[in-house]
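The basis for the numbers below is simple: all heavy atoms, side chains too, and nothing from hydrogens, waters or symmetry mates.
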Amino acid sequence: ENHKDINVASEEMDANSILNHFKKMVNLRKQNDVLVYGDYELLDKNNEAIYAYTRTMDTQKMLVLLNFTENESTIELSEAKNITAIAINNYGDFKNIEGKITLKPYQAVICKLNK
């Protein structure tokens, strides 16, 4: 019934749509071999809310942060002090205060790090 409002044509015209975000994620992965082939390191394995890991390859290092909960969640990581850029973020903002990161519900962020 909602096909007139929710469809590919309307999603393609909305820069913030789920379809366009997914396309950005696919392009990010294609342009950064480190996300596919880089060495994987799980961070803070005891954090039940946020899945955090790094991928490292040659001179590249990326930090992946995924909040799988419906609540705002926090994680403290020394790696977060080395963030140089946000590669992708499904929210408009990102809260990182001296390595203490707060993610919104279901927020997913990939950051570039100094190696």
Side-chain angles (χ1 to χ4, degrees):
E1 292 180 20
N2 60 3
H3 73 278
K4 291 181 181 181
D5 298 319
I6 301 174
N7 55 60
V8 172
S10 66
E11 289 277 306
E12 285 179 337
M13 293 188 321
D14 179 1
N16 295 316
S17 72
I18 293 171
L19 175 64
N20 282 319
H21 185 75
F22 185 78
K23 286 180 179 182
K24 289 175 192 173
M25 287 191 307
V26 170
N27 284 331
L28 179 67
R29 189 172 187 269
K30 284 181 180 179
Q31 295 169 3
N32 293 277
D33 285 343
V34 65
L35 292 172
V36 180
Y37 304 110
D39 293 332
Y40 167 89
E41 181 183 356
L42 179 63
L43 308 171
D44 195 2
K45 65 180 178 182
N46 296 320
N47 189 314
E48 294 182 7
I50 297 176
Y51 180 45
Y53 64 93
T54 58
R55 288 285 206 157
T56 307
M57 188 173 84
D58 301 325
T59 60
Q60 289 186 296
K61 188 170 187 177
M62 298 188 102
L63 171 65
V64 179
L65 301 162
L66 308 165
N67 180 2
F68 288 122
T69 72
E70 62 186 24
N71 303 307
E72 194 172 85
S73 300
T74 302
I75 189 169
E76 197 159 342
L77 300 169
S78 60
E79 291 83 359
K81 295 177 184 178
N82 297 321
I83 293 173
T84 60
I86 305 298
I88 197 164
N89 182 359
N90 65 330
Y91 278 87
D93 60 337
F94 176 67
K95 190 175 179 182
N96 176 14
I97 301 171
E98 296 183 22
K100 186 176 181 180
I101 296 170
T102 302
L103 297 180
K104 294 182 179 181
Y106 304 108
Q107 187 169 8
V109 183
I110 300 177
C111 308
K112 294 181 180 184
L113 299 174
N114 274 338
K115 188 169 176 191

Distance-only criterion, 3.5 Å: show the donor-acceptor pairs between side-chain atoms of residues 69-78 and protein atoms not counting sequence neighbours.
| residue | atom | partner | partner atom | Å |
| --- | --- | --- | --- | --- |
| T69 | OG1 | N67 | OD1 | 2.7 |
| T69 | OG1 | N71 | N | 3.3 |
| T69 | OG1 | N71 | O | 2.9 |
| T69 | OG1 | S73 | OG | 3.3 |
| S73 | OG | N71 | O | 3.3 |
| T74 | OG1 | T102 | OG1 | 3.4 |

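In the hydrophobic clustering of ILVMFWY residues, with side-chain heavy atoms under 4.5 Å counting as a link, I101 and L43 come out together. Transitive grouping of hydrophobic side chains (ILVMFWY, heavy atoms separated by less than 4.5 Å) brings M25 and Y53 into a common cluster. Under the 4.5 Å side-chain heavy-atom criterion for grouping Ile, Leu, Val, Met, Phe, Trp and Tyr, F22 is not connected to L19 through any hydrophobic cluster. Hydrophobic clustering keeps V26 apart from I18 (ILVMFWY residues linked when any side-chain heavy atoms are closer than 4.5 Å, directly or through intermediates). L35 and L113 fall into different hydrophobic clusters, where Ile, Leu, Val, Met, Phe, Trp and Tyr are joined by side-chain heavy atoms under 4.5 Å apart, directly or via other members.
Between N82 atom CG and E79 atom CD the span is 7.5 Å, to the nearest 0.5 Å. Here Q60 contributes atom CD and D33 contributes atom CG; the two are 7.5 Å apart, rounded to the nearest 0.5 Å. The distance from the CG atom of D39 to the CE atom of M57 is 9.5 Å, given to the nearest 0.5 Å. Taking CD1 of I86 as the reference point, atom CG of N96 lies at 7.5 Å (rounded to 0.5 Å). Summarising the geometry, atom CG belonging to N89 is positioned 10.5 Å from atom NZ belonging to K24; distances are rounded to the nearest 0.5 Å. Expressed to the nearest 0.5 Å, how far CZ of R29 lies from CD1 of I88 amounts to 13.0 Å.
Although no hydrogens or angles enter the test, the distance criterion places no donor-acceptor pair under 3.5 Å between the side chain of T84 and the main chain of N114.
Looking at I110 and N32, their side chains never come closer than 4.5 Å, going by heavy atoms from C-beta outward. The side-chain heavy atoms of V64 and T54, taken from C-beta on, include no pair separated by under 4.5 Å. N90 is listed as a side-chain neighbour of Q107, based on a closest heavy-atom distance under 4.5 Å. Using a 4.5 Å heavy-atom cutoff, the side chains of F94 and L103 are in contact. No side-chain heavy atom of V109 sits under 4.5 Å from any side-chain heavy atom of Y91.
The two residues L63 and A80 have their closest heavy-atom pair at CD2-CA, 4.4 Å. Considering all non-hydrogen atoms of both residues, L42 and A52 come closest at CD1-O, 3.5 Å.
A salt bridge links E12 with K23: at least one charged nitrogen is closer than 4.0 Å to a carboxylate oxygen.
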